[in-house]
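Accompanying notes for the structure given below.
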Amino acid sequence: MIDVKLLQKNFDETAAALMRKKVDVSVINELKNANETLKNAKLAYETLQAKQNELSRLFGQYKKEGKSTDELKIEVDANKATLNDLLDAQRTAEETLDAIIMRVPNIPDADVPDGEDENDNIEIRKVLTPPTFTFTPKEHWELAEQNGWIDFERGVKLSKSRFSVVAGMGARLERALINFMLDFNRARGFEEFSVPMLVNRRALEGTGQLPKFEDDLFKVEEEELYLIPTAEVPLTNLFQDEIINGADLPIKMTGYTSCFRKEAGSGGRDVRGMIRQHQFHKVELVSITRADQSDAVFEEMVACASDLLAVLGLPHRLVTLCTGDLGFGAARTVDLEVWLPGQNTYREISSVSNTRDFQARRAKIRYKEEGKNILAHTLNGSSLAVGRTMIAIMENFQQEDGSIRIPDALKKYL
RNA sequence: GGGUCACUGGCAGAGUGGUCGAUUGCACCGGUCUUGAAAACCGGCGAGGGUUAUACCUCCCAAGGUUCAAAUCCUUGGUGGCCCGCCA
């Protein structure tokens, strides 16, 4: 969450930054008022509590000295009722503030371009040239069915739409990709983790999926656990509530998990094929850094994902997301979009974000430096979405007869 | 799933109703000594809020309760150890 003190001290500037991210000005004012109410409520409660503590100390002293405590008791009892009311007021104020601030997105970096939606994103560069074909390239679902790699119908039979079954060479390729990506990331200094795919509410609040995006998550009701929408959640929250030695940063992690998303609100889009599934596989990068390190690590992570695509021989481009397309917790994001000849367009395959201290403030991830505890910066990025990488391989490496060439980099994994 | 015991600062571990946010050891940081290090000695050292800085408030797994007063007593929940049962 954002630093409410910043809003208090630097209202105009902070409000302007939030409005770039489409936060309504009324919400910003509410937030400021709620914070002031809380401060006043706290002051009132703490002043009386201090007095009450002092009286209690006296009480003990009187008892020891054998003095009468009758008068004290009357005063103390009277305060007690007031104290309870003040405490209630403070709690209400806290809840009010919390309810607002937990739904306020991160402040975008100053150099993030303004914009409405993905059309206003800015291309940074292209990597590799899209292949040319002597025939009309097919879309991935056609190739997948022809090669027997993906069985869409049986996926629906087992679960529902947006689930699929990967078979034979497709399944082996999927496994090879996961191993290839993990090894690649490890060579770049990211330590490998295998983490729970069911997490509790606290973890999801830490990374920002809750409370605002509950509708996007699959929940196991009777256990109060949620299926993770991305490994970013467990990996980042590994350090929830911890104070890390500053010298140990940056911590760079990678992990493979399945990811589960309800895709509420994506209605009708990408229903065909494997672009948008309720369950998909992803290898993730997550870093925890000192405040002064996050920009450099961000570039490392973008490079890691981009190089991975390049080594696979997949043409792609890097784009800087504009304010309107930026996710809830991100201060800045670079998307990697892979070329899909069948669709004749670039499609998102990875998204690397710096959340700065937004998640760290929620999850209480701090580091100690020169005796002080400082909120860490957290970053996450996909490296890569496995299903979409398979799609990209199918479409870019398809032959005229519909067969698919396997990228050299993967051969030793098959 | 049943029983039982436990949960205190980075770790270990005191404290069982009152000046306790907490003895002590280790770790850590600074200093003296040393060519340098180690050892020894001296000092510092939990977290959040608040303040220019102090005061002051909160936190001893969590939430309630008893009490003028709770780390300490009670209730519920969570987690962990051990025993029993069950199961890959």
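FYI, side chains are in, hydrogens and waters are out, and symmetry mates aren't considered; it's all heavy atoms of this structure.
- Listed by residue number, there are no residues of residues 33-41 of chain A with a heavy-atom contact under 4.0 Å to RNA chain B.
- Pair assignment for B/A71: none, as no Watson-Crick or G-U wobble contacts are both less than 3.5 Å.
- Remark: the separation of the C1' atoms in B/A71 and B/G50 is 24 Å, to the nearest Å.
- Counted by atom type alone, A/Y256 and A/H281 present one or more donor-acceptor pairs between their side chains at under 3.5 Å.
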Evaluate side chain to side chain contact (heavy atoms under 4.5 Å, CB included) for A/I107 paired with A/K21, printing each intermediate quantity in order. CA-CA 7 Å; A/I107 295 167; A/K21 209 147 166 189; over 6 Å; no
Base-contact (B) and sugar-phosphate-only (S) positions in nucleotides 61-74 of chain B, heavy-atom cut-off under 4.0 Å, - elsewhere: ---S---BS-----
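- Going from the P atom of B/C11 to that of B/A69 covers 32 Å, rounded to whole Å.
- What separates CG of A/D241 from C1' of B/G9 is a distance of 14 Å, to the nearest Å.
- Centroid-to-centroid, the aromatic rings of A/F260 and A/Y226 stay 6.0 Å apart or farther.
- Open room surrounds CD on A/E116; 12 or fewer heavy atoms of other groups in view lie less than 6.0 Å from it.
- For the 3.5 Å distance criterion, the side chains of A/S306 and A/H316 qualify, holding a donor opposite an acceptor.
- Across all strands shown, B/U16 remains unpaired; no Watson-Crick or G-U wobble contact has both distances below 3.5 Å.
- Annotation for A/K368: atom NZ counts as buried by contact number, over 12 foreign heavy atoms lying within 6.0 Å.
- Spacing of P atoms, B/A37 relative to B/C29, comes out at 13 Å, to the nearest Å.
- Residues satisfying the side chain to side chain contact (heavy atoms under 4.5 Å, CB included) test with A/L158, not counting sequence neighbours, are A/V165.
- Between A/N79 atom CG and B/C57 atom P there is a gap of 14 Å when expressed in whole angstrom units.
- Judged by Watson-Crick or G-U wobble contacts below 3.5 Å, the nucleotide B/A55 has no partner.
- Nucleotides B/C45 and B/G10 are separated by 15 Å at their P atoms, to the nearest Å.
- Enclosure of atom CD in A/E13 is not indicated, since only 12 or fewer non-hydrogen atoms of other residues, nucleotides or ligands lie within 6.0 angstrom.
- Partners of A/E192 by side chain to side chain contact (heavy atoms under 4.5 Å, CB included), not counting sequence neighbours, listed by chain and number: A/L182, A/R186, A/T254.
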Pairs: protein N or O with nucleotides 45-49 of chain B N or O, under 3.5 Å:
residue	atom	partner	partner atom	Å
B/A47	OP1	A/K368	NZ	2.8
B/A47	OP1	A/N373	ND2	2.8
B/A47	O3'	A/R366	NH1	2.9
B/G48	OP1	A/R366	NH1	3.1
B/G49	O2'	A/K42	NZ	3.3
B/G49	N2	A/E46	OE1	3.4

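- Look at the P atom in both B/C42 and B/G48: the space between them is 30 Å, to the nearest Å.
- For the C1' atom pair drawn from B/C87 and B/C74, the interatomic distance equals 37 Å after rounding to whole Å.
- Only the P atoms considered, B/U8 is 11 Å distant from B/A62, to the nearest whole Å.
- The environment of CD in A/E65 is crowded: more than 12 heavy-atom neighbours from other residues, nucleotides or ligands sit within 6.0 Å.
- Spacing between B/G44 and B/G36 at atom P, rounded to whole Å, works out to 26 Å.
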Check the pair A/E54 / A/R57 against salt bridge (charged side-chain N to carboxylate O under 4.0 Å, His left out), numbers first and verdict last. CA-CA 5 Å; A/E54 178 55 33; A/R57 240 165 279 154; 3.4 Å; yes
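- In this structure, A/E242 places its CD atom 14 Å from C1' of B/C11, rounding to the nearest Å.
- With respect to A/R356, the salt bridge (charged side-chain N to carboxylate O under 4.0 Å, His left out) criterion is satisfied by exactly one of A/D295, A/D3, A/D292: A/D295.
- Comparing A/Q61 and A/L43, the nucleotide of RNA chain B nearest to each residue sits closer to the 5' end for A/Q61.
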Taking only N/O atoms, report every protein-nucleotides 75-80 of chain B pair under 3.5 Å with atom names and distance.
none

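- Within a 6.0 Å sphere centred on CZ of A/R20, heavy atoms belonging to other residues, nucleotides or ligands number more than 12.
- Across the strands present, B/G36 finds no partner; the criterion is a Watson-Crick or G-U wobble pair with both atom distances under 3.5 angstrom.
- B/C26 is paired with B/G10 under the criterion used here, namely a Watson-Crick or G-U wobble arrangement in which both key atom distances are under 3.5 Å.
- Counting to the nearest Å, the P atom of B/U58 and the CG atom of A/L48 are 11 Å from each other.
- Pairing for B/G1 goes to B/C84, judged as Watson-Crick or G-U wobble with the two contacts each under 3.5 Å.
- Formation of a donor-acceptor pair under 3.5 Å by the A/D248 side chain with backbone atoms of A/I244 is not found in this model.
- Close to B/C57, at under 4.0 Å from its OP1 or OP2, lies a side-chain N or O of A/N53.
- Protein atom OH of A/Y45 is 17 Å distant from nucleotide atom P of B/G50, rounded to whole Å.
- No more than 12 heavy atoms of other residues, nucleotides or ligands lie within 6.0 Å of NZ in A/K412, so this atom counts as exposed by the packing criterion.
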